Each structure stands twice: as C-alpha cells, then as structure tokens.
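Down below is the structure, laid out as structure tokens.
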Amino acid sequence: LTPSGVLRYANNSHYKRDSMIRKEVHVSPAVVDEVRRIIVESEITKVDDSSWKEPDWQKGRQDLEIKIGNEHLAFTCAEVGSLLDVQNSADPEGLKTFYYLTQDLKALIFSLIS
C-alpha cells in the first residue's frame, strides 16, 4: 500500500497448481490511514523474526514487508497454520503479533480486492 493509495496484493500459494495471483486497487486516504493505524498498534516494529522457523518450500512460507515512514521491515517464516504453531514456536509472543497482524491485514485486503 503506497501513501497515494495504490494497494498491490500478490499470492503465490500454488493452490491447484495456480500461478501467481496479483491484484491492484486504488483506495481512499481513510483506508491508507486505517492500515497504518493497524500496523502501528500491532507493535510489529518491535518484533524480531530471527528465531522463527525457516520457510519450508514444500509446506509454504509467509512474508510481510512493511514500509512506514523511514522504517522498512521484512518478516519471513514458515507457514503459520494455527495458534498452536505460534504457541509451539521459539518466540510465541513475537510470532503471535505477526500472526494477528497478518490475519487483520488479510481480512481488510480481501474485502477491498473482492
């Protein structure tokens, strides 16, 4: 999501041998502000993904890239299927922050691109 309101979504899930799913929509300044609020309130900027399980190419991966102001963060981990995966991780608090943020962002983004 750019400050000007361009939202780009990409999903390479390989579901049923699908290719990369890409969508782009233009959203209002209110949506940009809401996404920024969700990210800031999540406190994801305080999280370190160094102890998270590395991605497995067969089971999947999750990536999240965030650029807010002068901060540029990139998170990568193995696919998180449930809160049980979060609880059993080496960093349950940090991964929980990531998990809930990605769930919130996915819900918002899917409602915008559908």
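Since the model is a prediction, treat every value here as computed from it, not as a measurement.
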Of all the heavy-atom pairs spanning P55 and T76, show the shortest one and how long it is.
CG-CG2, 3.4 Å
With S82 via side-chain hydrogen bond (donor to acceptor under 3.5 Å, both in side chains) - residues at least two apart
none
What heavy-atom pair brings L1 and V31 nearest, and what distance separates the two atoms?
CD2-O, 4.5 Å
Report the distance from atom CG of L64 to atom CD1 of I44, rounding to the nearest 0.5 Å.
6.5 Å
Stepwise side chain to side chain contact (heavy atoms under 4.5 Å, CB included) check, L101 with I66:
CA-CA 11 Å; L101 175 60; I66 299 171; 4.2 Å; yes
Shortest non-hydrogen contact between D63 and R61, atoms and distance:
OD2-NE, 2.9 Å
Please determine whether the number of non-hydrogen atoms from other residues, nucleotides or ligands lying under 6.0 Å from atom CD of E65 exceeds 12.
yes
Applying side-chain hydrogen bond (donor to acceptor under 3.5 Å, both in side chains) to S50 and D48, what does each step give before you reach the verdict?
CA-CA 6 Å; S50 62; D48 178 4; 3.1 Å; yes
List, one per line, each side-chain donor-acceptor pair under 3.5 Å for residues 104-114, sequence neighbours excluded.
residue	atom	partner	partner atom	Å
S111	OG	L108	O	2.6
S114	OG	F110	O	2.5

Note: L95 and C77 closest approach over all heavy atoms is CD1-SG, 4.2 Å
Is the shortest heavy-atom distance from the side chain of E79 to the side chain of D85 under 4.5 Å?
no
Where at least one partner belongs to residues 75-106, residue pairs that pass ring pair (Phe, Tyr, Trp, His ring centres under 6.0 Å), sequence neighbours excluded
W52-F75, W52-F98
Side chains of N88 and V86, heavy atoms from C-beta outward: is any pair under 4.5 Å?
no
Contact summary for A74 and D49, nearest pair of heavy atoms
O-OD2, 3.7 Å
How long is the gap from OG1 on T2 to NZ on K67, to the nearest 0.5 Å?
10.5 Å
Interatomic distance, K96 atom NZ to S89 atom OG [nearest 0.5 angstrom]:
10.5 Å
Residues forming a side chain to side chain contact (heavy atoms under 4.5 Å, CB included) with E34, sequence neighbours excluded
R37, I38
How close do Q62 and A78 get, counting heavy atoms only, and between which atoms?
OE1-O, 4.1 Å
Same hydrophobic cluster for V35 and V6, using side-chain heavy-atom links shorter than 4.5 Å among ILVMFWY?
no
What pairs with T45 under side-chain hydrogen bond (donor to acceptor under 3.5 Å, both in side chains), at least two apart in sequence or on another chain?
none
Contacts of S51 meeting side-chain hydrogen bond (donor to acceptor under 3.5 Å, both in side chains) (sequence neighbours excluded), chain-then-number -> none
